[in-house]
Amino acid sequence: MSINNKPVKHAADSLLPDWMLANRTRVLTSEGTEPKEGQSVVYWMQRDVRSVDNWALLWARDLAMQHDVPLHVVYALPPPASSDGSDNDRDLPPALIQLPMTKRHGDFLLGGLECVYKELKEMKIPLYVCLPDSHEKVGETVCEAIQHKYKAKIVVSDFSPIREYRQWMELQAVPILEEAKVPFYQVDAHNIVPVWTATDKRQVGARTLRPRIHKVYNDYLQDYPDLKGNSHSVDQPKFDRVEYESFLQMDESVESVDWAQPGTEAGMKQFEFFSKNGLKIFHEQRNDPVQKHVCSDMSPWINHGHISFQRLALNVKALNKHANGTAAFIEEGVIRRELSDNMLYYSPNDYDSLETAAGWARESLQLHASDEREFVYSLSELEEGRTHDDLWNAAQLQMVRDGKMHGFMRMYWAKKILEWSESPVGALRTAQYLNDKYELDGRDPNGFVGVGWSIMGIHDQGWKEREVFGKIRYMNYNGCKRKFKVEEYVAQYKGAAENAANAVEETNGSSNKRKSLPSSSNSKQKTARK
DNA sequence: ATCGGCTCGCGCAA
DNA sequence: TGCGCGAAGCCGAT
């Protein structure tokens, strides 16, 4: 079932406290769905897993106060991946929906959720975790809690442009709530300028989104009010971490990382470190993968919703130092990050496929689809970092080991996957698969757009035509040598190779649900042409 | 070391 | 309708 963007209708002014901008909201249920009798307001938390700096939670709490009922928070754990093999992509790595939750992601997700549970409990706000049987049942399961467990009169959710979230909310829950006459409001609690407000269509690049956001940026960069706790006494559900862990059926071969602990507090510590060390040189050194302590490394917490980027924007503004570093940080954290949401929101059904590329890019990749490739690697050769390119292998191993690849290397890494794959379609899916499996900040719009920028020219322009790439921007080893000390970067990941190989073997051996992936027999290395 | 051309499409001037 | 301009890079000329 495909997702359609309907014209955005904002919540009526009478529902909004003076600090809540109508543009942050949209009404998902149809006109005439008015609050009837009910005993609570429910906040369906999904993308923005935090108790502070969360416009959806704040507004839901205010609505509960207006109606003199308690607030309940409901979160749906993502149901285990179902790979029934019914799709026609047998030769491609699994798409996000078929990808098992890794321990790396699951631990971070549950850790953050547990923090929120405790923080809310202190304020007498209960958090109830739903366990839907399948992807198709998420909306139904959450609505069951909304309607029968909590008898809600109003539902507020946060917003994500990821397809699965939109299916759960817009396609599955909306009809049930309309039938039950429970109005369903959504808040873009993730972006500073809400995605549907910044522009009303997909943008071709940063240069068209930037002026639109800058024009209204200060209007939306409001400080957050404090969250007030429930005054009603309500039952507190238990937080059963063990049960949730077994529900997720995690892929244990991708281990958690030590450097990033889940939760708002841990994330803010990382940010304090960055604002003391990296911010002042961010504009000059963020593209040098050898430099330590330049990048903010905030994306795990931002993407999992543990921290609001708006909080970081407010903090760097209050710091009022390092104008150039701050400008570069805001450019990446606001313009480029919100550009990703823009792409997914306005192309909800094809943001992860070649179909979403611009005409020039599709045609050009098609024209060069049968060009002879100098190297073609199998998925396992790539996954284990066993290519001829030590720089690429190091980047891959950084991702496998640390759950985070340097931003500049992500571009080079994905471009080489295009260069070394049989087809652009396969390259795209392989890069998305590896990104979503290993990056702690994967499974997110920024990942789809980052990979899309590299492989199919999303938000980029055409460049000098060449083999395999066509007009897609090319990157190579020599360019990296010009920019940073390649040997130094490579040396950092020596010895990580065997670990990666073991992890991959474990994954593929233990997962009987996983459909078979391209085997290394596909691998070939051809001699250079000309 | 630094610069300009590469190539495309938006947005503005006409 | 035509033209200026940007853009998370490469490459060759200076």
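The sequence lines fix the lettering, A, B, ..., with proteins before strands; numbering per chain opens at 1.
- Side-chain proximity of A:Lys483 to the nucleotides C:dG9, B:dC10, B:dC8 is greatest for C:dG9.
- Of the options A:Tyr412, A:Trp420, A:Tyr477, a side-chain hydrogen bond (donor to acceptor under 3.5 Å, both in side chains) to A:Asp389 is made by A:Tyr412 and by none of the others.
- Rounded to whole Å, the separation between the P atoms of C:dA8 and B:dA1 comes to 23 Å.
- Residue-level contact check: A:Arg210 touches the backbone only, with heavy atoms under 4.0 Å from sugar-phosphate atoms and none from bases.
- Whole-Å rounding puts the A:Glu465 CD to B:dG5 C1' distance at 16 Å.
- The salt bridge (charged side-chain N to carboxylate O under 4.0 Å, His left out) test with A:Glu331 is passed by exactly one of A:Arg210, A:Arg286, A:Arg207: A:Arg210.
- Rounded to the nearest Å, the gap between the P atom of B:dA14 and that of C:dC5 is 13 Å.
- Closest to the side chain of A:Met475, out of B:dG11, C:dC10, C:dA8, is C:dC10.
- When distances are taken from the side chain of A:Met411 to each of C:dG9, C:dA8, B:dG9, the shortest belongs to C:dA8.
- Nucleic acid contact class of A:Trp463 (heavy atoms, under 4.0 Å, all strands): base.
- Comparing B:dC6, B:dG11, C:dC11 by their closest approach to the side chain of A:Thr208 singles out B:dG11.
- For the pair A:Ile455 CD1 and C:dA8 P, the interatomic distance rounds to 19 Å; values are reported in whole Å.
- Counting non-hydrogen atoms under 4.0 angstrom, A:Arg212 reaches the backbone sugars and phosphates but no base.
- Between the side chain of A:Arg336 and the base of C:dA8, a donor-acceptor pair under 3.5 Å is found.
- When distances run from any side-chain atom of A:Val204 to the nucleotides B:dC10, C:dC11, C:dA8, the shortest one goes to B:dC10.
- A:Tyr474 carries A:Arg466 over the face of its six-membered ring, with the cationic atom under 6.0 Å from the centre and within 45° of the normal.
- To the nearest angstrom, C1' of C:dC10 lies 11 Å from NZ of A:Lys415.
- When each of B:dC8, B:dC6, C:dC11 is scored by its nearest atom to the side-chain atoms of A:Asn476, the top-ranked nucleotide is C:dC11.
- If you take CD of A:Gln285 and C1' of C:dA8, they are 17 Å apart, rounded to a whole angstrom.
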